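See structure below.
This structure is a prediction, so every number in the text was calculated from the model and none was measured.
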Amino acid sequence: MAIEVHRNGSLSAMSLQGFVLLGFRGGAETQALLFTVFLVLYVVTVLGNLTMIMVITLDARLHSPMYFFLKNLSFVDLCLSTVVVPNALASIFFSSKTISFAGCATQFFFFSLLAATEAVLLAVMAYDRFMAICSPLRYPVTMCPMTCVRLVLGTFCVACLNSIVQTSLTFQLPFCSSNRIDHFYCDVPPLLQLACASTALNELVMFGICGFIIVCAVFVVIISYVYITVTILRMRSGSGRHKLFSTCGSHMTAVSLFYGTGFAVYGQPGGVASMEQGKVVSIIYILIIPMLNPLIYSLRNKDVKDALRRLGQRHSLAKESG
């Protein structure tokens with residue numbers, strides 16, 4: 001709903017047909033540059049994550065819990081970028097920055113769902129590495145296929161609950177006559193700025209839920225890697241230590257990037273204040289991180305590189321025989 005202001009100063013509700021996404025400031029040259037950057041990053045993101053999903057699916061040697069979670073991470077990254085970037089590209093290219101009320105709510109819901117899913121999934125991946133390195137004998141039983149599926153489903157359930165609460169609280173607010181969202185997609189902070197009613201509860205819920213998810217996830221990651229580090233340092237094999245540190249280092253890089261940017265926007269009360277800073281940080285976890293994750297996990301992972309090589313050889317042999 002929007003609010004209509006009468007001449008006598010009274011307010012009455014009127015239907016809100018849609019919003020206008022202001023995006024980034026700048027003239028035609030700036031918009032062309034933004035379109036090019038967004039398009040290149042998105043294409044690399046799609047190709048990288050689809051490649052990871054395909055390689056892990058086709059190579060039987062990668063059918064283990066770690067790569068099962070990595071495949072789900074690639075799927076979430078792919079969807080997270082797709083929820084936002086195509087609409088942002090269309091807005092820049094066609095100069096039509098409007099989005100319907102239902103479209104905005106839908107984008108908001110799925111963005112919240114996928115962002116929270118990734119936050120929890122990264123913690124699950126840390127727990128998986130903890131079990132594999134610190135309890136290798138119990139690992140096949142503890143992290144059996146059914147347990148892995150349940151962990152992923154549980155991750156989506158937690159994220160879905162967060163998304164339902166955030167979406168329902170945000171879109172039941174009375175929005176003022178201005179429907180101009182100071183962002184390039186529908187997100188909590190810029191939408192709260194359009195509300196006529198008090199947003200204290202919304203900000204408290206956002207800070208509470210997002211802060212709780214991030215703090216709990218970071219706690220699981222830290223505890224897992226403390227035990228992992230102690231276990232690795234006790235190993236006598238130098239090559240074994242190097243391989244495990246390399247694998248865990250890839251995950252820690254992804255964790256630091258995602259949790260750091262997420263906390264900067266949603267995990268602190270002041271995160272809703274600066275919209276321009278929020279736009280820049282949003283690019284990091286909507287485009288940069290989903291683009292980097294496949295590179296981080298493939299370039300630093302011998303198993304993935306070997307799988308890519310085998311897949312390439314198989315493709316070459318198929319072409320020769322055909």
Side-chain angles (χ1 to χ4, degrees), residues 62 64-74 76-77 115-145 147-159 162 207-268 271 284-285 288-290 292-304:
L62 299 183
S64 65
M66 183 178 84
Y67 295 107
F68 172 75
F69 294 129
L70 181 54
K71 183 168 71 171
N72 279 275
L73 178 66
S74 294
V76 171
D77 278 335
T117 299
E118 180 152 350
V120 182
L121 186 57
L122 288 171
V124 170
M125 293 173 70
Y127 174 73
D128 170 70
R129 290 298 83 208
F130 160 74
M131 292 301 303
I133 296 171
C134 300
S135 302
L137 297 179
R138 295 171 51 195
Y139 180 69
V141 177
T142 305
M143 300 300 292
C144 65
T147 300
C148 294
V149 171
R150 287 172 180 170
L151 284 171
V152 170
L153 289 177
T155 297
F156 276 100
C157 288
V158 170
N162 164 70
F207 172 67
I209 295 180
C210 295
F212 178 77
I213 290 175
I214 292 174
V215 168
C216 288
V218 169
F219 179 77
V220 171
V221 171
I222 291 175
I223 295 299
S224 297
Y225 275 97
V226 166
Y227 280 99
I228 288 171
T229 303
V230 171
T231 303
I232 292 176
L233 291 176
R234 288 176 178 173
M235 291 181 174
R236 295 180 180 180
S237 172
S239 59
R241 285 199 301 267
H242 180 268
K243 180 179 180 181
L244 291 175
F245 270 127
S246 177
T247 301
C248 296
S250 301
H251 183 248
M252 284 304 298
T253 302
V255 165
S256 301
L257 285 170
F258 187 83
Y259 289 158
T261 52
F263 186 79
V265 178
Y266 305 106
Q268 53 177 331
I284 296 176
Y285 59 78
I288 304 298
I289 294 176
L292 288 178
N293 277 345
L295 298 176
I296 291 171
Y297 284 105
S298 61
L299 294 178
R300 294 175 60 92
N301 190 303
K302 185 178 181 299
D303 293 337
V304 174

Requested in this report: Calculate, to the nearest 0.5 Å, the distance between atoms SG and CG belonging to Cys148 and Leu153 respectively.
Outcome: 11.0 Å

Query raised in the report: Does some side-chain heavy atom of Val124 sit less than 4.5 Å from a side-chain heavy atom of Asp128?
Result: no

**Report entry** Ile289 CD1 to Tyr259 OH distance, which is reported to the nearest 0.5 Å
**Finding:** 11.0 Å

**Report entry** Asp77 and Phe258, any side-chain heavy atoms less than 4.5 Å apart
**Finding:** no

Report summary line: When every non-hydrogen atom of Ala116 is compared with those of Ile213, the smallest separation belongs to CB-CD1, 4.4 Å

Query raised in the report: Heavy-atom distance under 4.5 Å between the side chains of Leu70 and Leu73, does that happen here?
Result: yes

Query raised in the report: Can you list the residues that meet the ring pair (Phe, Tyr, Trp, His ring centres under 6.0 Å) rule with Phe212, with sequence neighbours excluded?
Result: none

Requested in this report: Identify the residue among Val221, Ile222, Ile223 that makes a side-chain contact (heavy atoms from CB on, under 4.5 Å) with Phe219.
Outcome: Ile223

Query raised in the report: Rounded to the nearest 0.5 Å, what separation is found between the CG atom of Leu151 and the CZ atom of Phe68?
Result: 9.0 Å

Report task. For Asn72, check side-chain hydrogen bond (donor to acceptor under 3.5 Å, both in side chains) against everything at least two apart and list the hits. Result -> none

Report summary line: Correct closest heavy-atom pair for Pro290 and Ile284 would be CD-O, 4.2 Å

Query raised in the report: ring pair (Phe, Tyr, Trp, His ring centres under 6.0 Å) with Phe130: which residues, sequence neighbours excluded?
Result: Tyr227

Requested in this report: For the pair Tyr139 (side chain) and Ile133 (backbone), establish whether a donor and an acceptor sit closer than 3.5 Å, ignoring hydrogens and angles.
Outcome: no

Requested in this report: First locate atom CZ of Arg150, then atom OG1 of Thr155, and finally report the distance between them rounded to the nearest 0.5 Å.
Outcome: 14.0 Å

Report summary line: Between the CZ atom in Arg129 and the CE atom in Met143, the distance rounded to the nearest 0.5 Å is 8.5 Å

Requested in this report: Report the distance from atom CD of Glu118 to atom CG of Asn293, rounding to the nearest 0.5 Å.
Outcome: 6.0 Å

Query - Smallest separation among heavy atoms of Ala119 and Ala217, with atom names - result: O-CB, 3.7 Å

Report task. Taking all non-hydrogen atoms of both residues into account, name the closest pair between Pro136 and Pro140 and its distance. Result -> O-CD, 3.4 Å

